[in-house]
Amino acid sequence: MKKRLCGWGRTQFVKTNALRPEFISDIKSMFQTSSSLISYGCGRSYGDQALNKDSTLLLSRLNRFIAFDAEKLELICEGGVTLYDIQNTFLQRKAALITSPGTAFITVGGAIANDVHGKNHDRVGSFSEHVLWFDLLLANGEIIRCSRTENQKLFFATVGGMGLTGIIITACLQLQKHPIGVRVQNELIPDIATMIAQLRIAREQSTYSVAWIDMISRKNFGRGILSTGEPDETDDLGLKKTEVKISVAAPILLIGKYFLNRFTMHLFNLLYYTRLEKKQKPAIQTLMQFLYPLDAIKNWNKIYGKKGFYQFQCVIPDECAETGIFEIINTVKKSSHVPYLVVLKTLGKNGEGLLSFPMRGFTVALDFPNHKDVLSLLKQLEIITLKYKGRVYLAKDACLQPEDFPVMYPKLPEFQIILKEVDPDKKWQSEMSRRLKI
Amino acid sequence: MAVRNVEAVKNMNRSCWIIAGATSAIAIRFAQLIAKCGDQLILLGRDHEKLSATQKDLQIRYNIIVDTISFDAEKTSEHQEIATRCMQIAKYPINLLVAFGLMLPGLSADHSQADVVKVININFTSVASITFSFLSYFRTQKQGHILILGSVAGDRGRPSNFDYGAAKTALETFYEGLRASLIHDNVSVTVMKLGYIDTPMTYGKAGYFLAVSPERCAEACLIAAENKVAVKYFPWFWRWIMLIFKLMPRFILYRIKV
C-alpha cells in the first residue's frame with residue numbers, strides 16, 4: 001500500500017510502498033517482490049534513515065515476546081518490540097533494560113541498528129553491548145544467527161548499521177535487576193564551563209546523569225540543570241504504578257504555530273527554573289518518568305509545526321570537549337537560530353559496531369525549528385565537529401554531507417566490504433544510505 | 001450496571017474466554033485485554049507457528065498460563081471434539097469469541113466456484129458450527145457471552161465482496177435467533193458489525209484511511225459483550241453510514257462505486 005512516511009523531525013516525507021507483516025512468517029513473501037527496501041519501526045529516527053521511496057517494511061506489528069529466562073534475566077523477543085513494552089512488562093517484576101535512550105517508543109531492532117545510548121553510558125555502554133545475539137534476515141532470504149562468537153563480522157556491522165545489513169527478526173537481550181524508583185537530584189548550574197566540570201564529576205559518581213541547557217534566555221544564556229539519578233529501593237509514593245500516562249498534545253498542536261516562539265519558550269524556561277530553584281531536594285521518580293520525560297506527550301514533534309525541526313547531535317572527544325562544545329554553542333549563539341531544547345551528556349567508551357556513534361567524550365543535542373537557513377548553521381556545526389575529531393549521530397541526522405561521513409566514521413570501508421558480501425545487489429537501501437553514498 | 005471501560009471488567013467474576021481464530025489481529029488484542037483482566041484464556045487456531053507465538057507473548061507479557069488447541073475452521077466435523085477438550089481445560093464459566101474470517105481479493109463475481117464456497121463456509125458455516133459445539137455447555141452453565149465479529153459489508157450486497165457480505169448477513173439472522181433462544185438461559189449473544197479495522201484484511205484497501213486500530217476494536221468488543229448488547233456497530237459512525245445505504249434505492253446504489 002502507498003503510504004506517506006516521515007522521520008521524527010518531519011522535515012522529509014516520502015511516498016512509499018509500505019508493507020506490513022503481522023507475523024515473522026509473512027516477511028519472506030513480502031520482501032522478495034520489492035526492489036529496494038528498508039525497515040521502519042516506530043519512526044523515531046529524526047531524518048531519512050528509515051525512509052525509502054521504493055519500499056518500506058513496517059515492523060511495528062512484529063512485537064511479540066518469545067521467551068524470558070527469569071533467572072538469567074534474558075529476554076528473547078521479535079525485532080518490533082518497543083522498549084516501552086519491555087520496561088512496562090518487566091519493571092513490575094523488578095527487572096529493566098540495562099540502558100535505554102530518552103524515549104521508550106523505539107523498537108529493539110532500531111535500538112540495535114543505531115546502537116543507541118542512555119543516561120548511564122559511562123557505566124554500562126550502549127544498547128548493543130547487552131544484546132546477546134540476534135537473528136538477521138539477509139537479502140538472499142536466509143535467516144542467520146549473529147552474536148559475538150557466531151557470524152561475528154555481521155554482528156558488528158549490524159550494530160549501528162542503520163538497517164542496511166538486513167532485518168533484525170528476533171533478538172536476545174540481557175536485562176538487569178532494577179527497582180521501580182530512581183532517586184533524582186536536580187542541580188542548577190550557572191554556566192556551561194561549570195556544567196562540563198560537574199558532568200565530569202557526575203559521570204564518575206552517579207549511575208545516571210544528564211544536563212539540560214537554556215540557550216533561549218539572553219540574560220542567563222548557558223545556565224542549566226544537571227540531573228543525576230540513582231536506583232532507589234524504597235517503594236513508597238505509590239510507585240507500584242509503573243505505567244506512564246501518555247497524553248496527546250492536541251491542544252498545543254492547534255496553537256503550536258503561535259505557541260512556539262522565543263518569548264513563550266523563554267517564559268516556559270523561566271517557570272521551570274524558578275520552580276526548580278525552590279526545590280532542589282532529591283525526589284523519587286519511577287524509572288520510566290526519569291528516563292522518558294518527553295514520552296508523556298506522545299507527538300511532541302508536531303509542536304514544531306508543518307515545517308518540522310532538525311536535531312543536531314554530535315559527540316566531541318574528551319580531550320577537547322570544552323573548546324569543542326564552546327565553539328558549537330558560540331556558533332549557535334551568533335546565528336539567528338534558537339535551539340529550544342539542548343541536552344548535554346557524557347559518553348563512556350567507543351561503541352562496538354563498525355558505525356557505532358558513541359566514543360568517550362561529551363555529546364550535545366540541539367533542536368532547531370526548521371526555519372530559513374538552518375541548514376547552513378547545521379553545516380557549520382558539522383565542520384566544527386570534524387575539526388575536533390567528533391562525529392554526528394546518524395539516528396538524528398538529516399543533512400550530513402557524504403564527504404564528511406567517512407572522516408567521522410573511519411570504519412566505513414570495512415562496513416562497505418561486508419555489505420558487498422551479504423547484499424551485493426543493494427537490496428537494503430534508505431534515503432540516508434543514498435545520500436551518504438554508503 | 002453498564003460497563004463503560006475495560007478497567008471495570010477486571011472487578012467482575014472470573015471467567016474463561018475461548019477464542020476461535022486467535023491469531024487474527026483483533027483476537028490478539030482481545031486476548032491481551034482478557035489476560036490483563038486476569039481471566040483464563042484458551043486459544044484456538046490453525047497455524048501452529050502463529051498460535052504458539054501468540055501464546056508465548058501473552059504468557060510472558062502477563063505472567064499467566066495460556067492454553068492452545070489446534071483448530072481448523074473448515075473441518076467442522078472436529079469442532080465438537082475441540083469443544084469437549086476446551087471444557088476439560090476451562091476452570092471457570094466459559095465465554096466464546098469467534099474471530100476468524102476470510103475475505104478474498106478481487107471482485108466477488110470474479111471468484112471461482114470453489115472460492116465462493118470457501119468464503120461462505122468459513123464466514124458462516126464454520127462460525128455457526130463452532131458456536132453450536134459449545135451450545136450445550138452454555139445452556140447448562142446458564143451464563144456467559146458469545147461474541148461474533150460481523151461486518152458492515154453484510155448490510156448491502158456490493159460487487160466488491162457480496163460473497164463475504166452475504167455470509168455476514170446470514171450470521172446476523174442466525175445469531176439474532178440464537179440470542180432469542182438463549183435469553184432465558186442468561187447467555188448473551190453479541191454481533192459486532194465492524195467497519196474498517198486496521199488489520200491485514202483491510203490494509204491497502206480504498207477505505208483504509210477510515211481504519212481504526214484493532215486495540216480499540218477489541219476494547220469495544222469486550223465492552224459490548226459485557227453489556228450484553230445484541231448488535232453493535234464499530235466504529236460508531238458506520239451505523240449512520242449504513243443507515244443511508246440501507247435506505248438507498250437500488251437504482252442509485254447500483255450507480256455508486258464503493
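Proteins come first, then strands; the chains are lettered A, B, ... in the order of their sequence lines, and each starts at number 1. Below, each value reflects all heavy atoms present in this structure, side chains not excepted, and no hydrogens, waters or symmetry copies.
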Participant: Would you indicate whether K193(B), at its atom NZ, is surrounded by more than 12 heavy atoms from other residues, nucleotides or ligands within a distance under 6.0 Å?
Facilitator: yes
Participant: Check the pair E49(B), F23(A) against side chain to side chain contact (heavy atoms under 4.5 Å, CB included), reporting the backbone distance first and the verdict last.
Facilitator: CA-CA 9 Å; E49(B) 216 171 287; F23(A) 286 88; over 6 Å; no
Participant: Chain B heavy atoms under 4.5 Å from A18(A): which part of the residue, side chain, backbone, both or neither?
Facilitator: both
Participant: Let me know if L58(B) has heavy atoms under 4.5 Å from chain A in its side chain, its backbone, both or neither.
Facilitator: neither
Participant: Can you tell me which portion of Y62(B) sits under 4.5 Å from chain A's heavy atoms? Options are side chain, backbone, both or neither.
Facilitator: backbone
Participant: With rounding to the nearest 0.5 Å, note down the distance linking CD1 in I28(B) to CD in E22(A).
Facilitator: 7.0 Å
Participant: Less than 4.5 Å to any heavy atom of chain B: does that hold for the side chain of L62(A), its backbone, both, or neither?
Facilitator: neither
Participant: R61(A) and T199(B): which non-hydrogen atoms are nearest, and at how many Å?
Facilitator: NH1-CA, 4.1 Å
Participant: Inspect the surroundings of CZ in R46(B) and state if more than 12 heavy atoms from other residues, nucleotides or ligands are less than 6.0 Å away.
Facilitator: no
Participant: At a 4.5 Å cut-off on heavy atoms, which part of K2(A) comes close to chain B: side chain, backbone, both, or neither?
Facilitator: neither
Participant: Side chain from CB out, backbone as N, CA, C, O: work out which of these in D47(B) comes under 4.5 Å of a heavy atom of chain A, or both, or neither.
Facilitator: neither
Participant: Could you report the tightest heavy-atom contact between D57(B) and R64(A), atom names first, then the distance?
Facilitator: OD1-CA, 3.3 Å
Participant: Would you say K118(B) has more than 12 foreign heavy atoms packed within less than 6.0 Å of its NZ?
Facilitator: no
Participant: State, to 0.1 Å, how close I60(B) and T89(A) come at their nearest heavy-atom pair, and which atoms those are.
Facilitator: O-CG2, 3.9 Å
Participant: Could you walk me through whether D85(A) and R61(B) satisfy the side chain to side chain contact (heavy atoms under 4.5 Å, CB included) test, starting with their C-alpha distance in whole Å, then the side-chain angles of each, then the deciding distance to 0.1 Å, before giving a yes or no?
Facilitator: CA-CA 9 Å; D85(A) 278 344; R61(B) 212 175 274 262; 3.4 Å; yes
Participant: In sequence, state the C-alpha distance, the side-chain angles, and the governing distance for I76(A) and K56(B), and then conclude on side chain to side chain contact (heavy atoms under 4.5 Å, CB included).
Facilitator: CA-CA 11 Å; I76(A) 303 173; K56(B) 282 178 194 159; over 6 Å; no
Participant: Do D198(B) and R20(A) pass the side chain to side chain contact (heavy atoms under 4.5 Å, CB included) test, and can you show the C-alpha distance, the side-chain angles, and the key distance before you say yes or no?
Facilitator: CA-CA 11 Å; D198(B) 192 357; R20(A) 190 180 65 188; 2.7 Å; yes
Participant: A quick test of your reading: do over 12 heavy atoms of other residues, nucleotides or ligands sit less than 6.0 Å from CZ of R216(B)?
Facilitator: no
